[in-house]
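Step one of this worksheet: look at the structure below.
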Amino acid sequence: MWIMRQAGRYLPQYHEVKAGKDFFETCRDAEIASEITIQPIDHFDGLIDAAIIFSDILVIPQAMGMEVEMIDKAGPHFVDPLRTPEDLKKLTQDVDVLKELDWAFKAITLTRKKLNGRVPLFGFCGAPWTLMAYMIEGGGSKMFRFAKEWIYKYPEASHELLQRITDVAVEFLAQQVVAGAQILQVFESWGGELGPAEFNEFALPYLRQIPAKLRPRLQELNITEDIPITVFAKGSWYALEDLAESGYNTVSLDWLHDPAQAVNIVNGRVNLQGNIDPGVMYGSHDVITKKVEKMIAGFGGGKQGYIINFGHGTSPFMDPENIRHFLKECHRIGSA
Ligand SMILES: Cc1c2[nH]c(c1CCC(=O)O)Cc1[nH]c(c(CCC(=O)O)c1C)Cc1[nH]c(c(CCC(=O)O)c1C)Cc1[nH]c(c(C)c1CCC(=O)O)C2
């Protein structure tokens, strides 16, 4: 059991350590990033079973040469987004991942050392379609006017961009493992902006490439352990059957899925992770307990392995005591 965005703004100690510093500066400081990564592990003493390195999915666009800022309360902002296929020329050719993201590897190595075996450490990256959409939109979006323009007007350039992101993502994940990450997750946070046909054309082929290319790359790098990989495609409920056959060990589900139906669809082929609506944390302790009972009853008893998580991340408005109640109830009900 762990929680997406478990290190973050709902914890007062996060603000203390971040102390008004720039978000990406915080990520790049191995000492601070490792401290923030471990905060939820300490805070919920023994209730959380994995740490996830404090960083962001947008570090791949940065490594490819784009300038990204994190604006307080507004989110990410790209100084010069890609608007036409001509703009692909602005991206770095042959990204030197080890050099561009060396700070990320240092933070992972230090965090792994500090964790000292308490819990395993997740590395992660953004999925190609989600990163492409950010690089084109220039930040968060409701309409996806520019990213949709790319896939419908410039499909060839879209595929070129998706392939270039995929190649960087594979090397980034591989080097995170070399640095000490023990399990990996790929975040396709904007999967649900694509319908099934577009998901199959612009998201799924690249999601599939990641484990297919990563496993031989890890062998080349002399990693002998089997590294489990999770895929989270938010909103892409229609893709569960395909994701169960896409080379990942675990499929993470958002709360649009009914757990029992998902269990039936995957039929033991992959582990499942998820999927309580994070909004349940705004409810009473009683409501949280009832929702945990339903979630565990739905996933439990299936043939697959099961990792408890939220259907998406925490928010700054959540009361850590409600999250503690959630975690405790998962342990109590799950072990009954
Ligand atoms: C889409 C996405 C991003 N980043 C990420 C995703 C995929 C997961 C998802 O769908 O939520 C992934 C991410 N971002 C962060 C982590 C760290 C590890 C963890 O999960 O605890 C992880 C795994 C820290 C963060 N990433 C960000 C913060 C908040 C920064 C701050 O102001 O302190 C944190 C703790 C900033 C961020 N980063 C991003 C956005 C849209 C924002 C701003 C919106 C927001 O404020 O929540 C892009």
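Order of listing sets the numbers, starting from 1, for every ligand and every atom in it. Values reported hereafter were calculated over all heavy atoms of this structure, with side chains retained and with hydrogens, waters and symmetry mates removed.
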Which word best sums up how the rings of Y10 and F44 line up, parallel for under 30°, tilted for 30 to 60°, or perpendicular for over 60°?
parallel

Are any side-chain N or O atoms of D254 and backbone N or O atoms of H312, one a donor and one an acceptor, separated by less than 3.5 Å?
no

Could you grab the distance from atom CD1 of I308 to atom CZ of F299, nearest 0.5 Å is fine?
9.5 Å

Could you tell me how the ring of F144 sits relative to the ring of W190: parallel (under 30°), tilted (30 to 60°) or perpendicular (over 60°)?
perpendicular

Could you tell me whether a side-chain N or O of N309 sits under 3.5 Å from a main-chain N or O of S252, the two making a donor and an acceptor?
no

Contact set, ligand 1, heavy-atom distance under 4.0 Å, ordered by chain/number, equals M4, R5, Q6, A7, R9, Y14, K18, F23, I52, I53, F54, S55, D56, I57, M70, G75, P76, F124, Y134, F187, S189, H312

Pairs flagged by ring-ring contact (aromatic ring centres under 6.0 Å, His included) wherever residues 269-291 is involved - sequence neighbours left out
H285-H325

